[in-house]
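Chain letters run A, B, ... following the sequence lines, proteins first, then strands; residues in each count from 1.
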Protein chains: 2
Amino acid sequence: MLTISQLAATAGVTVRTVRHYHHVGLLPEPARDASGYRRYSAQAAVDLIRIRTLADAGVPLAHIDALLHAQPTEFASAITYIDVELQRKIDQLTDYRRRIAELASGERLVLPPEVVAILDRMRSLGVSERRIRAERDSWILMQALDSHVMPQRIRDKNASFDDPETMRLYLACDQSVDWDPHDPRLDRLIDDMDAWEIKHERDNSQPGYLKLVVSRISEASPAWQRIIDALTYRAERRRTAVSDTEVSTPATSDS
Amino acid sequence: MLTISQLAATAGVTVRTVRHYHHVGLLPEPARDASGYRRYSAQAAVDLIRIRTLADAGVPLAHIDALLHAQPTEFASAITYIDVELQRKIDQLTDYRRRIAELASGERLVLPPEVVAILDRMRSLGVSERRIRAERDSWILMQALDSHVMPQRIRDKNASFDDPETMRLYLACDQSVDWDPHDPRLDRLIDDMDAWEIKHERDNSQPGYLKLVVSRISEASPAWQRIIDALTYRAERRRTAVSDTEVSTPATSDS
DNA sequence: GGTTGACCCTGACCCTGCGTCAGGGTTGGA
DNA sequence: TCCAACCCTGACGCAGGGTCAGGGTCAACC
């Protein structure tokens with residue numbers, strides 16, 4: 001006959017675990033000897049090891065008792081289920097290993113690979129990290145709020161990166177963020193961007209595309225604020241001129 | 001800006017989980033809007049996903065904060081450690097799958113393969129299940145109490161199964177368990193066993209080997225009780241006779 | 001402007017599967 | 001006789017949330 005610690009050692013568990021199984025009624029309390037110690041038979045070792053085998057496989061203790069007393073058919077199907085679950089866990093852990101390896105680079109976990117590719121492309125084109133982070137954040141918000149527009153946006157973005165003039169302006173904007181608002185280079189940039197807007201007004205559903213590109217963090221940059229103001233003013237002037245000749249609708253002027 | 005449920009959905013966790021991470025200080029509390037709702041930035045989504053990536057990999061929440069703010073070198077070595085642990089878990093689960101498959105047959109999990117082979121051999125020789133269970137239990141107790149004698153016992157057991165006469169007596173004993181104590185077949189069996197004992201007295205360290213074989217559950221079987229009594233009596237008589245001629249030591253007689 | 005259903009808030013208790021501590025009694029070998 | 005190594009009961013603690021109670025908000029529709 002075995003003491004509780006001998007039984008526990010045989011099954012590879014702690015004494016506390018054995019007592020816990022008694023407490024929850026999973027393993028029957030054995031007879032006690034004269035001093036009140038529990039004394040176990042060899043059958044108890046068999047039972048305990050069967051219990052541990054199921055518990056190790058992830059079966060909740062509350063289900064094990066019923067399982068061990070089930071009919072062979074039910075038992076077999078339960079075992080099959082447990083095995084499938086184990087395999088699923090193995091696959092999950094394998095996936096977690098992959099994700100852990102990607103932890104070093106921030107966005108790779110959060111965004112789909114196409115967007116990560118766009119961000120990588122921006123990096124290789126020399127776009128500043130600040131701008132890239134802003135871009136990343138806007139993709140994350142887009143994904144959380146209306147993820148269905150993402151495929152179209154991804155196509156648009158790639159298309160604009162394929163156009164050299166768009167790309168040149170994009171990079172110039174990126175670099176201009178810290179310029180003085182009176183920097184003469186800014187005047188040339190505004191002229192070029194306005195020309196771009198005129199050229200693309202037809203095929204772009206919403207006008208002011210380039211304006212949108214820089215608007216998100218414009219409040220932090222006086223130079224960008226000037227770009228937006230200037231482009232808005234010119235676009236308004238153009239629209240007013242067109243309206244005057246067509247339907248005569250006055251437009252609100254914003255300095 | 002995201003609400004708590006939008007953030008949670010983005011990271012694939014529950015709202016409760018996000019609040020729990022605030023509670024334990026793992027994710028900083030964001031600013032609230034006018035009605036007291038939490039409002040999250042895209043950066044919060046990045047942070048939360050990085051937290052979940054580590055938590056899914058089994059890192060305790062209490063360690064994650066330090067990990068995310070660690071130096072690149074420490075971070076890298078921690079990641080390596082986590083990855084090793086994950087692989088260890090995968091291997092364990094794979095082993096549990098194997099064990100689960102063996103659950104159907106009781107002793108295979110508990111005893112070393114050599115002993116399982118012995119029990120299988122007994123089964124194929126036609127030994128009763130009752131006797132096999134008794135044998136199994138004695139092996140389990142032996143393993144728990146002095147496992148170092150097992151290799152020798154395994155060799156002994158296999159050797160005795162290789163001897164046809166021993167095997168015949170063993171099987172006869174097994175079958176006699178339910179016989180009437182006055183069954184005439186029992187007399188012949190006792191004669192044969194006594195002859196076996198005499199023949200093996202030299203090379204067997206302790207005498208009464210066959211007696212031991214049946215003694216363990218003898219109290220439950222009148223037939224076996226008779227076998228033991230008879231063999232004991234005859235052995236005593238032999239020992240007394242030898243003693244008388246050699247050193248003249250009287251032996252205690254136990255009827 | 002009233003209702004409805006989906007969200008949001010805090011605070012509290014509940015769950016599993018044991019670990020661990022307290023405060024004692026027992027056993028077995030030196 | 002003493003000591004370490006066991007054994008007993010009972011109780012609280014822990015991670016990582018789930019769930020319920022009891023309320024406030026928001027947005028859309030009628």
Side-chain angles (χ1 to χ4, degrees), chain A residues 1-40 44 48-67 82 85 89 92-93 96 144-146, chain B residues 1-40 44 48-67 82 85 89 92-93 96 144-146:
Chain A
M1 301 302 261
L2 306 171
T3 68
I4 195 168
S5 67
Q6 288 166 339
L7 174 76
T10 299
V13 301
T14 66
V15 169
R16 180 66 176 87
T17 299
V18 176
R19 289 206 265 251
H20 183 63
Y21 291 171
H22 290 322
H23 187 72
V24 299
L26 191 49
L27 194 65
E29 282 273 3
R32 308 292 181 111
D33 66 11
S35 57
Y37 290 10
R38 294 177 179 85
R39 289 296 175 164
Y40 296 89
L48 180 55
I49 289 180
R50 288 164 69 87
I51 290 169
R52 277 314 304 179
T53 303
L54 289 167
D56 285 338
V59 181
L61 297 190
H63 299 170
I64 291 180
D65 192 45
L67 206 66
I82 292 165
E85 285 298 293
K89 277 185 201 163
Q92 261 193 19
L93 287 181
Y96 293 154
L145 300 174
D146 25 36
Chain B
M1 301 302 264
L2 306 171
T3 68
I4 195 168
S5 68
Q6 287 166 339
L7 175 75
T10 298
V13 301
T14 68
V15 169
R16 178 67 174 87
T17 298
V18 176
R19 289 206 266 250
H20 185 63
Y21 292 171
H22 290 321
H23 188 71
V24 299
L26 191 49
L27 193 65
E29 282 272 4
R32 308 293 181 110
D33 68 10
S35 56
Y37 291 9
R38 295 177 179 86
R39 289 296 177 162
Y40 295 90
L48 180 55
I49 288 181
R50 288 164 68 87
I51 290 169
R52 277 316 304 179
T53 303
L54 288 167
D56 285 338
V59 181
L61 297 191
H63 299 170
I64 290 181
D65 192 45
L67 206 65
I82 292 165
E85 286 297 293
K89 277 185 200 163
Q92 262 192 18
L93 288 181
Y96 293 154
L145 300 173
D146 24 37

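Between A/S5 and the phosphate of D/dC7, there is a side-chain N or O to OP1/OP2 separation shorter than 4.0 Å. Of the side-chain N and O atoms in A/R38, one or more sit less than 4.0 angstrom from OP1 or OP2 of D/dT9. For the pair A/R19 and D/dA11, the criterion of a side-chain N or O lying under 4.0 Å from OP1 or OP2 is not met.
When side chains are defined from C-beta on, B/M1 does not count as touching B/Y37, because their heavy atoms never get closer than 4.5 Å. By the 4.5 Å heavy-atom criterion applied to side chains, B/V15 and B/R19 are counted as neighbours. The shortest distance between side-chain heavy atoms of B/L93 and B/K89 does not fall below 4.5 Å. The shortest distance between side-chain heavy atoms of A/R32 and A/R38 falls below 4.5 Å.
Residue contacts for B/R39: at a heavy-atom cut-off of 4.0 Å it reaches no nucleic acid atom on any strand shown.
Checking C/dT26, C/dC18, C/dC9 against the side-chain heavy atoms of A/T17 singles out C/dC18 as nearest. You'll find that the side chain of A/Y37 is closest to D/dC6, out of D/dT9, C/dC7, D/dC6. Counting only heavy atoms from C-beta on, A/S35 has its side chain closest to C/dT27 among D/dT25, C/dG19, C/dT27. Closest to the B/T3 side chain, of the nucleotides D/dG18, C/dC8, D/dT9, is C/dC8.
When the C1' atom of D/dG16 is taken as reference, atom CD1 of B/I51 falls 14 Å away, rounded to whole Å. When rounded to the nearest whole Å, the span between NE2 of A/H22 and C1' of C/dC18 equals 15 Å. Regarding B/Y40, its OH atom lies at a distance of 11 Å from the C1' atom of C/dC8, rounded to whole Å. The interatomic distance linking A/R32 (CZ) with C/dT27 (C1') rounds to 17 Å, in whole Å. Note: NE2 (A/H20) to P (C/dT16) measures 8 Å, nearest angstrom. For the pair A/Q6 CD and C/dG28 P, the interatomic distance rounds to 11 Å; values are reported in whole Å. One can place CG of A/L2 at 11 Å from P of D/dC7, the figure rounded to the nearest angstrom. Atom-to-atom, CD1 of B/I64 to C1' of D/dA15 comes out at 12 Å; the value is rounded to the nearest Å.
Taking only distance into account, the side chain of B/Y21 never meets the base of D/dG16 through a donor-acceptor pair shorter than 3.5 Å. For D/dT19, its base sits under 3.5 Å from the side chain of B/R16 at one donor and acceptor pair at least.
Judged by closest nucleotide on DNA chain D, B/A62 is the one of B/A34 and B/A62 placed further toward the 5' end. Comparing B/D33 and B/R52 along DNA chain D, the residue whose closest nucleotide (by nearest heavy atom) sits nearer the 5' end is B/R52. Nearer the 5' end of DNA chain C, as judged by each residue's closest nucleotide, is the contact made by B/I4, out of B/I4 and A/L61.
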*Test A/L48 against A/Y40 for side-chain contact (heavy atoms from CB on, under 4.5 Å), laying out the working first.*
CA-CA 11 Å; A/L48 180 55; A/Y40 296 89; over 6 Å; no

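Expressed to the nearest 0.5 Å, how far CG of A/L26 lies from NE2 of A/H63 amounts to 12.0 Å.
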